[in-house]
A.B. asks: 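Handing you this structure, nothing more for now.
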Amino acid sequence: MKIEQLGRHILVEFYDCDKEILNNHALVEKYMVEAAKEANATVVTSCFHMFNPWGVSGAVIIQESHLTIHTWPEYGYASVDLFTCGDSVNPWVAFDYLEKNLKAEKSEASEVARGLVDRIRHNSKEKFEEIKFKPDAE
């Protein structure tokens with residue numbers, strides 16, 4: 001299959017979420033890791049931080065890129081990035097999982113194509129015969 005882009009990046013706004021969940025460091029990390037797994041991603045590691053007096057920020061590094069979150073519990077708001085590469089992971093599955101588990105009453109999302117093959121070829125000094133998600137191991 002010929003690919004046209006290396007990755008998909010979904011920018012998400014979750015509104016009117018459960019404030020207690022958004023301020024629970026362990027639960028936010030658990031849901032983010034589970035969202036990655038539900039989307040068929042391979043989790044490499046995760047790193048999350050609890051702010052004082054409230055809010056959680058964190059990243060789940062996946063073999064196929066990353067998922068990040070920043071929460072503002074005082075507003076019931078979470079900002080989430082779901083960036084996946086290749087065609088084996090579906091970031092919209094992670095979106096659905098998080099929307100449900102953060103108990104968001106409203107959400108907005110937009111998808112951005114990343115690593116457009118035509119643009120890589122056009123803007124690179126090097127000439128690539130084939131561009132694919134994962135280079136062959138040497």
A.B. asks: Under the salt bridge (charged side-chain N to carboxylate O under 4.0 Å, His left out) rule, what pairs show up with a residue in residues 21-38, not counting sequence neighbours?
C.D. replies: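 Listed by first then second residue: Lys30-Glu34.
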
A.B. asks: Would you check if Thr71 and Phe14 make a side-chain contact, meaning some heavy-atom pair closer than 4.5 Å?
C.D. replies: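 SC-SC contact between Thr71 and Phe14 ruled out.
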
A.B. asks: For His25, what residues pass the side-chain hydrogen bond (donor to acceptor under 3.5 Å, both in side chains) criterion, not counting sequence neighbours?
C.D. replies: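 side-chain hydrogen bond (donor to acceptor under 3.5 Å, both in side chains) list for His25, sorted by chain: empty.
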
A.B. asks: Between OG1 of Thr84 and CD of Gln63, what distance do you get to the nearest 0.5 Å?
C.D. replies: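 Reported to 0.5 Å precision, the distance equals 12.5 Å.
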
A.B. asks: Check whether any side-chain heavy atom of Val56 lies under 4.5 Å from a side-chain heavy atom of Leu22, and answer yes or no.
C.D. replies: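 Sidechains of Leu22 and Val56: no contact.
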
A.B. asks: State which residues pass side chain to side chain contact (heavy atoms under 4.5 Å, CB included) with Ala109; sequence neighbours excluded, sorted by chain then number.
C.D. replies: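 Per chain and number, Ala109 pairs via side chain to side chain contact (heavy atoms under 4.5 Å, CB included) with Ile10, Val12, Trp92, Phe95.
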
A.B. asks: May I ask you to test the Val28-Ile69 pair for a side-chain heavy-atom distance under 4.5 Å?
C.D. replies: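 Side chain of Val28 against side chain of Ile69, heavy atoms only: contact under 4.5 Å found.
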
A.B. asks: Can you run down the salt bridge (charged side-chain N to carboxylate O under 4.0 Å, His left out) pairs that involve residues 13-27, sequence neighbours left out, and say none if there aren't any?
C.D. replies: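 For residues 13-27: none.
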
A.B. asks: Could you pull out the closest heavy-atom pair between Ser65 and Cys85, with the gap in Å?
C.D. replies: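 Result for this residue pair: CB-SG, 4.2 Å.
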
A.B. asks: Could you list the cluster mates of Phe83? Members are the ILVMFWY residues connected by side-chain heavy atoms closer than 4.5 Å, either directly or through other members.
C.D. replies: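 Taking Ile, Leu, Val, Met, Phe, Trp and Tyr as members, Phe83 stands alone, with no cluster partners.
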
A.B. asks: Could you report the tightest heavy-atom contact between Asp81 and Leu11, atom names first, then the distance?
C.D. replies: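 Heavy atoms of Asp81 and Leu11 come nearest at OD1-CD2, 3.6 Å.
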
A.B. asks: Share the residues that join Tyr75 in a hydrophobic cluster, the rule being Ile, Leu, Val, Met, Phe, Trp or Tyr side chains under 4.5 Å apart at the heavy-atom level.
C.D. replies: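 So far as hydrophobic clustering goes, Tyr75 is joined with Tyr15, Trp72, Tyr77.
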
A.B. asks: Can you sort out the partners of Thr42 under side-chain hydrogen bond (donor to acceptor under 3.5 Å, both in side chains), two or more places apart, ordered by chain and number?
C.D. replies: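 side-chain hydrogen bond (donor to acceptor under 3.5 Å, both in side chains) check on Thr42 returns Glu64.
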
A.B. asks: Do you reckon Val43 sits in the same ILVMFWY cluster as Val93, going by side-chain contacts under 4.5 Å, direct or chained?
C.D. replies: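 Different hydrophobic clusters.
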
A.B. asks: Going by the salt bridge (charged side-chain N to carboxylate O under 4.0 Å, His left out) test, which pairs reach into residues 89-117, not counting sequence neighbours?
C.D. replies: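 Listed by first then second residue: Arg8-Glu111.
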
A.B. asks: Who pairs with His49 by ring pair (Phe, Tyr, Trp, His ring centres under 6.0 Å), at least two apart in sequence or on another chain?
C.D. replies: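 With neighbours one apart ignored, the set is Phe51.
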
A.B. asks: So, for Ile120 and Gly115, which heavy atoms are closest and what is the spacing to 0.1 Å?
C.D. replies: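 Scanning both residues, the minimum pair turns out to be CD1-O, 3.7 Å.
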
A.B. asks: For Trp54, check ring pair (Phe, Tyr, Trp, His ring centres under 6.0 Å) against everything at least two apart and list the hits.
C.D. replies: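 Testing Trp54 for ring pair (Phe, Tyr, Trp, His ring centres under 6.0 Å), a comparison that skips the adjacent residues, returns none.
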
A.B. asks: So, taking the atom named CG in Asn23 and the one named SG in Cys17, what distance separates them when rounded to the nearest 0.5 Å?
C.D. replies: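 SG of Cys17 is found 12.5 Å from CG of Asn23.
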
A.B. asks: Ile61: which other cluster members, linking ILVMFWY side chains closer than 4.5 Å, directly or transitively?
C.D. replies: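 Reading the cluster by chain and number, Ile61 sits alongside Val44.
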
A.B. asks: Under 3.5 Å, is there a donor-acceptor pair between the side chain of Ser46 and the main chain of Val60?
C.D. replies: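 No.
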
A.B. asks: Below 4.5 Å, heavy atoms only, C-beta onward: do Leu82 and His66 meet side chain to side chain?
C.D. replies: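 SC-SC contact between Leu82 and His66 ruled out.
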
A.B. asks: Tell me every residue that passes side-chain hydrogen bond (donor to acceptor under 3.5 Å, both in side chains) with Thr68, counting only those two or more places apart in sequence or in another chain.
C.D. replies: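 Per chain and number, Thr68 pairs via side-chain hydrogen bond (donor to acceptor under 3.5 Å, both in side chains) with no residue.
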
A.B. asks: If you take all heavy atoms of Tyr31 and Ile21, which pair is closest and at what distance?
C.D. replies: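 Closest pair (atom of Tyr31, atom of Ile21, distance): CE1-CG2, 3.9 Å.
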
A.B. asks: Is Val80 close to Leu67 at the side-chain level, that is, under 4.5 Å between some pair of heavy atoms?
C.D. replies: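 Side-chain contact under 4.5 Å: no.
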
